[in-house]
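Reviewing the structure listed below.
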Amino acid sequence: MMRSGSSDPYVKFKLGGREVFRSKTIHKNLNPVWDEKTTLVVDSLSEPLYVKVFDYDFGLQDDFMGSAFLYLESLEQQRSVCFFLQSICFLDIDQKCLSVNSSQQQSIRLSELHRKSQLWRGIVSIALIEGRNLIPMDPNGLSDPYVKFRLGPQKYRSKTVTKTLSPQWREQFDLHLYEETGGVLEITVWDRDTGRRDDFIGRCQLDLSTLSKEQTHHLELPLEESRGLLVLLVTLTASAAVSIADLSVTPLDDPQERCDILRRYSLMKSMSNVKDVGIVQVKVMRAEGLMAADVTGKSDPFCVLELVNDRLLTHTVYKNLNPEWNKVFTFNVKDVHSVLEVTVFDEDRDRSADFLGKVAIPLLSVRNGERKAYGLKNKELSGPTKGVLYLEIDVIYNTVKAALRTVVPAEHKYMEEEPKVSKQLLQQNFNRVKRCIMVLISYGTYINSCFEWESAQRSIFSFLFVVVVWNFELYMLPLGLVLLLVWNYFFSSGRDTDVVAMFECEDEDEDKEDKDSEHKGFMDKLYAIQDVFISVQSALDEVASYGERIKNTVNWTVPFLSWLAITALCVATVLLYLIPLRYLVLAWGVNKFTKKLRDPYMIDNNELLDFLSRVPSDVQVMQYRELKADPGQSPNKRRRPNPS
């Protein structure tokens, strides 16, 4: 790497994205002998050890010389291994080491190894039902328990149930299985304490290799080092349709394979495997005009694709602002209302990756087979940043399965950031709630104007409506909502214009907020009431979101959901017209009161709230809005046009 024909090499070892060892530097040597030893404690053998070699440059950025993945599962005890950089060929040292001369073969092996390290072999579905007889940790003789799960690098934290020793969580979530044997699921129970460190209650482990697949297991796990137990339902299933490939072997481009997939998700297969809603194929072609993250004026970009909790990565293209990946990723779709997030990062050798840009694409907004240029946004998806990402997406799903999944609880991301106190966000949520209230007030003013005869035509029509009430039947209520949806379908226009204008006005104060955050004295004073502040902030967001979601359902922001609402209201109209109300109430009551008797471990849900959770709020509409692709224009110029 040096003009003298030599190098100053040293080696870094990374595990789980964290540097665990760095060797000494051997100066001016192409055949270095380090003769160093280190011992690492690993949680799981499924995670590979990432080995990177650098050339040390005093006062400059060190040069990258090569890398390799070392798979711990493949090693034998007390046996040394030899591996080639770039080609990643692992061999026993007493075997003959074969070099690979073809750069194309090296690239293929690198790509194949990178692909295999990401793909999961199965899914473990976990339902956390309840805890029993936990030990009290608070002075009042109770606890505020929550549970942490860990399977390899994957983590999940349950909600907190306050003031109880027999908590009812009733939560369901999925984790990926990267090992054929399943691995060991680590479970810890904690007591939530505000303002100080949480108290440890107990732990337990579950060896997934002891469980049979494709079968639900009811488990009661006693806590170690403590009293009490946890009740779980665990199901191991085979791997979903997930893959990584080159553009030359795109699954949906093969006519036979595409036909098989279309047949698998046809209406005739609507009642088979209801959780398997469809698949999404993402072609990640290239990016242009990315931000320079390194001091050399270049970046080392790679892409992270996330569909809720499914996560895949491209390889890294070094020292390039216009990288080409040309990879195809296939995900299994469990909820067609999910949002595909593609984030571009810059790989850094000594610290976590730097953020370069992000796009969020709702699956229902995808036009199959259309190659599009997406302008990158900032982390909050509230404004543009530099660069354009070229993607081609295909989504194939079963309509009936998608509709059925709409009225069950949505899957939440496990790796979401903890909410923080933000004056700007609190003000924004307050304004959103205020707008919802103002809409209700305007409706009340309109109705009152009918009584005041401000408009004779309006008042006469309203009076005739009062007369019609004499013949009112209950089935007319959902019928009226259907007419409202149909009216908005034909006559509403510019649905997103007001939303965009609303948030553009609020963005004017965002830069000022960034400057104010430097003065942390005020934030220190708020620390004592931080939890209360966050609760108020979240409550305002939730109230505003539900009001906006009802509006966006009526405004046809997501046509699939509006059509689904029309279908449900039409069915309700027919039922109310044909069946007396007392029979419907009786059937509803019998179902509600016998639900726990029929299935004691059923996870409760509200179908209406689950439906509304799939409708985007105004904030989400703004986040998912596509930017015009213009790689040559800077973010500041695109953000605020010149007033002149």
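Bear in mind the structure is a predicted one, so any value in this text is a computation, not a measurement. When reading the values below, keep in mind they use all heavy atoms of this one structure, side chains included, and skip hydrogens, waters and symmetry mates.
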Checklist entry - Taking it one step at a time, do K358 and E341 satisfy salt bridge (Lys or Arg N to Asp or Glu O under 4.0 Å)? => result CA-CA 7 Å; K358 182 178 182 179; E341 296 182 357; 3.4 Å; yes
Item to check | R132 and E220: CA distance, side-chain angles, deciding distance, salt bridge (Lys or Arg N to Asp or Glu O under 4.0 Å) verdict | outcome: CA-CA 10 Å; R132 298 176 187 168; E220 296 185 1; 3.4 Å; yes
Next on the checklist: Would E306 and R311 count as a salt bridge (Lys or Arg N to Asp or Glu O under 4.0 Å) here? Give the steps.
Outcome noted: CA-CA 5 Å; E306 295 177 282; R311 191 172 188 265; 3.8 Å; yes
Next on the checklist: S209 vs D207, test: side chain to side chain donor-acceptor pair (under 3.5 Å). Steps then yes/no.
Outcome noted: CA-CA 5 Å; S209 62; D207 187 355; 2.7 Å; yes
Item to check | Stepwise salt bridge (Lys or Arg N to Asp or Glu O under 4.0 Å) test for K551 and D618 | outcome: CA-CA 9 Å; K551 178 201 71 173; D618 286 351; 2.9 Å; yes
Next on the checklist: One pair to check against side chain to side chain donor-acceptor pair (under 3.5 Å): T216 and T235. What are the steps and the verdict?
Outcome noted: CA-CA 5 Å; T216 300; T235 307; 2.9 Å; yes
Checklist entry - What do the steps show when you test S166 against E130 for side chain to side chain donor-acceptor pair (under 3.5 Å), and what is the final call? => result CA-CA 7 Å; S166 299; E130 63 184 1; over 6 Å; no
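Contact check on K269 versus D276 returns no salt bridge, with no Lys/Arg side-chain nitrogen under 4.0 Å from an Asp/Glu carboxylate oxygen. Under the 4.0 Å criterion applied to side-chain N and carboxylate O atoms, D174 and K334 are assigned as salt-bridge partners. A salt bridge does not link E548 to R435: none of the charged nitrogens lies less than 4.0 Å from a carboxylate oxygen. At a threshold of 4.0 Å, the pair E626-K372 counts as salt-bridged, since one of the basic side-chain nitrogens sits closer than that to a carboxylate oxygen. Looking at R286 and E324, no side-chain N of the basic residue comes within less than 4.0 Å of a carboxylate O on the acidic one, giving no salt bridge.
Within 6.0 Å of CZ on R598 lie more than 12 heavy atoms contributed by other residues, nucleotides or ligands.
Test E607, H337, K401 against T406 for side-chain hydrogen bond (donor to acceptor under 3.5 Å, both in side chains) and you get one pass: H337. Of the residues L307, V284, D310, the one that meets the side-chain contact (heavy atoms from CB on, under 4.5 Å) test with F329 is V284.
Taken from CD1 in I123 to CG in L177, the straight-line distance is 8.0 Å, to the nearest 0.5 Å. One distance of note links CG of L134 with CG of L229; it measures 8.0 Å at 0.5 Å rounding. With rounding to the nearest 0.5 angstrom, the CZ atom of F345 is 8.5 Å from the CG atom of L313.
Taking the six-membered ring where the residue is Trp, W563 and W556 present perpendicular rings, their angle passing 60° and hence far from 30°. Y397 and F560 have perpendicular rings, their planes meeting at more than 60° on a 0 to 90° scale where under 30° would count as parallel.
Aromatic pair F173/F149: centroids less than 6.0 angstrom apart.
Under a cutoff of 6.0 Å and an axis angle of 45°, R192 and Y146 do not form a cation-pi pair. Seen from the ring of W169, K159 does not count as a face-on cation partner, given the 6.0 Å and 45° thresholds.
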